[in-house]
Peer 1: 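I am attaching a structure below and will ask some questions about it afterwards.
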2 protein chains.
Amino acid sequence: MFMLHGRLGAKPGKRDDLLKIMSEAGEPLPGNRLYVVAVDETDADGVWATEIWESQEAHAASLRLDHVQQRIARAMPLIDTGGITQQRLDARAGIPG
Amino acid sequence: MFMLHGRLGAKPGKRDDLLKIMSEAGEPLPGNRLYVVAVDETDADGVWATEIWESQEAHAASLRLDHVQQRIARAMPLIDTGGITQQRLDARAGIPG
């Protein structure tokens, strides 16, 4: 199943603000099985998201949802776009839900 | 909460065998909230595990369980110990269970 493990780099001093936005419980995300938001203690500016989606299309569709776009718009000013990394995986076992 | 995202490197040609062992549904793991096993299509020899544990102690205790030790013993011959990486994270939102 379609899985992402990625880093959003926050601008200096903005990680906790970004983490707060990313951690908000939001409206349901159709096709989403996992959306964990985490920090890495060796990475002061990173907010990490680990996601599993029933399909790549479900993930793409989620980005077009109003509530998701509003959240992205609030987060963007806090993000250092140069600090974005994303690992694409194929989850094979242990998928929640 | 204690989270790991790590890579086990399989010896050449052994990834699928390692994946099979890692993907077996096993006995319950006390304190475990997530144990996803995945592959990364750009990484032919890697098996990736993303885990969330209620504590670091719960994770350490799991490694002492008989069924886990038996699984590790079966997997070890397939593992290139030089190919092990592990990111430690602190999961803050979206934790299953």
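Residue numbering restarts at 1 for every chain, and letters A, B, ... go by the order of the sequence lines.
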Peer 1: Please state whether the side chain, the backbone, both or neither of B/Ser23 comes within less than 4.5 Å of a heavy atom of chain A.
Peer 2: both
Peer 1: What's the shortest heavy-atom distance between A/Leu34 and B/Pro96, and which atoms?
Peer 2: CD1-CG, 3.5 Å
Peer 1: Which distance, rounded to the nearest 0.5 Å, do you find between the CZ of B/Arg88 and the CG of A/Asp43?
Peer 2: 15.5 Å
Peer 1: Report whether B/Leu19 and B/Leu78 are members of the same hydrophobic cluster (ILVMFWY, side-chain heavy atoms less than 4.5 Å apart, transitive linking).
Peer 2: yes
Peer 1: Within the structure provided, determine whether B/Met3 and A/Asp40 are in side-chain contact (heavy-atom separation under 4.5 Å).
Peer 2: no
Peer 1: I'd like to know if B/Ile95 and A/Leu4 are part of one continuous hydrophobic network [Ile/Leu/Val/Met/Phe/Trp/Tyr, side-chain heavy atoms within less than 4.5 Å].
Peer 2: no
Peer 1: Heavy atoms, side chains only, cut-off 4.5 Å: are A/Leu89 and B/Val39 in contact?
Peer 2: no
Peer 1: Quick check: is B/Val36 connected to B/Val47 through a chain of hydrophobic side chains (ILVMFWY, heavy atoms under 4.5 Å apart)?
Peer 2: no
Peer 1: Quick one: do B/Tyr35 and B/Phe2 end up in the same hydrophobic cluster if we chain Ile, Leu, Val, Met, Phe, Trp and Tyr together by side-chain heavy atoms under 4.5 Å apart?
Peer 2: yes
Peer 1: Around atom NZ of B/Lys14, are there more than 12 heavy atoms from other residues, nucleotides or ligands closer than 6.0 Å?
Peer 2: no
Peer 1: If you count heavy-atom pairs under 4.5 Å between each of B/Gly94, B/Ala93, B/Gly46, B/Ala91 and chain A, which one has the most?
Peer 2: B/Ala93
Peer 1: Tell me, do B/Trp48 and A/Gln87 make a side-chain contact under 4.5 Å, heavy atoms counted?
Peer 2: yes
Peer 1: When you group the ILVMFWY residues by side-chain heavy-atom contacts below 4.5 Å and let the links chain together, are B/Ile21 and B/Leu63 in the same group?
Peer 2: yes
